[in-house]
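Quick notes on the structure that follows.
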Amino acid sequence: DTGVSQNPRHKITKRGQNVTFRCDPISEHNRLYWYRQTLGQGPEFLTYFQNEAQLEKSRLLSDRFSAERPKGSFSTLEIQRTEQGDSAMYLCASSLKGDTGELFFGEGSRLTVL
Amino acid sequence: AQRVTQPEKLLSVFKGAPVELKCNYSYSGSPELFWYVQYSRQRLQLLLRHISRESIKGFTADLNKGETSFHLKKPFAQEEDSAMYYCALKAVRGSTLGRLYFGRGTQLTVWP
């Protein structure tokens, strides 16, 4: 499968713990996006990278959230000191630089904070 | 501020009936608009975009700037059209060029 891959698919953690999600984009795509989706809502933009540069961050991305894409390939999204409100599906997507309207999404990483 | 509104959370029609999923947007200018679809147990994927002006799987969507709408239509719904549909907007200028703004989605069910 050459699509966007996300790990882990499910994560259950206790409040206050740190969690990290990984995203492997489609290999030739240089843009990578993180979105968050809560129940009954559409995906909400968190941040995106072009190669290794983080070009946009939403105000949803509080200082407890950090995303990296160190070599312009895979990306990680870390949430520190998790809160129950962080429970959501975290979606990763990638795209080609010249076409930022068609995003190719992964299956998502579902986070449950107890 | 950019906003996408999908007024119907759920929509049910019978097979062969016409279907229209509503989408209204708020944006000062001419945005790019898209419909994304998520079939059961599948990933979210692009269905169509307004600049392509094409029909995909029998679906069409016309951008109406006067009404700030981008409704998705199909004249004869099929059972395989049952899915969650999201309308999305992309700014064409400003500091938020990289992101898509999604509506909350409409769950379409097509009954046999």
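A note on names: the letters A, B, ... follow the listed sequences, proteins ahead of strands, and every chain is numbered from 1. Fair warning: this is a prediction, and the values are worked out from it, not measured in the lab.
With contacts defined as side-chain heavy-atom distances shorter than 4.5 Å, the pair B/Pro18/B/Phe76 does not qualify.
With salt bridges taken as basic N to acidic carboxylate O contacts below 4.0 Å, none links B/Glu32 and B/Arg49. Ion pairing between B/Lys73 and B/Glu20 holds under the 4.0 Å rule for side-chain N and carboxylate O. Salt-bridge formation is detected for the pair B/Asp81/B/Lys74: a Lys NZ or Arg NE/NH1/NH2 atom is positioned less than 4.0 Å from an Asp or Glu carboxylate oxygen.
For the pair A/Arg22 and A/Phe74, the cation-pi criterion (under 6.0 Å, within 45° of the ring axis) is fulfilled.
Here the options are B/Trp35, B/Tyr85, B/Phe70, the test is ring-ring contact (aromatic ring centres under 6.0 Å, His included), and the partner is B/Phe59; only B/Tyr85 passes.
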* To do: Given side chain to side chain contact (heavy atoms under 4.5 Å, CB included), test A/Tyr33 with A/Cys92 step by step and report yes or no.
  => CA-CA 6 Å; A/Tyr33 309 78; A/Cys92 177; over 6 Å; no
* **side chain to side chain donor-acceptor pair (under 3.5 Å) between A/Gln80 and A/Arg64, intermediate numbers included** => CA-CA 5 Å; A/Gln80 297 182 325; A/Arg64 296 185 298 105; over 6 Å; no
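Only the side chain of A/Tyr48 comes within contact range of chain B, with at least one heavy atom under 4.5 Å from a heavy atom of that chain. For A/Gln50, no part lies near chain B; criterion is any non-hydrogen pair under 4.5 Å. Within the 4.5 angstrom heavy-atom criterion, no atom of A/Thr47 approaches chain B.
A/Glu102 and A/Ser95 share no side-chain donor-acceptor pair at under 3.5 Å.
Among the residues in residues 102-109 of chain B, those with a non-hydrogen atom closer than 4.5 angstrom to a non-hydrogen atom of chain A are B/Phe102, B/Gly103, B/Arg104. Interface with chain B: from residues 11-21 of chain A, no residue qualifies, criterion being any non-hydrogen pair under 4.5 Å.
Heavy-atom neighbours of A/Glu68 CD from other residues, nucleotides or ligands within 6.0 Å: at or below the threshold of 12.
Taken from CD in A/Gln84 to CG in A/Leu111, the straight-line distance is 11.0 Å, to the nearest 0.5 Å.
The candidate from B/Leu46, B/Val4, B/Leu44 with the greatest count of non-hydrogen atom pairs under 4.5 Å with chain A is B/Leu44. Taking chain B as the reference chain and counting heavy-atom pairs below 4.5 Å, the highest number among A/Gly108, A/Gly40, A/Ala93 is found for A/Gly40.
In summary, the aromatic rings of B/Tyr101 and B/Phe34 are positioned with their centroids too far apart to meet the 6.0 Å limit.
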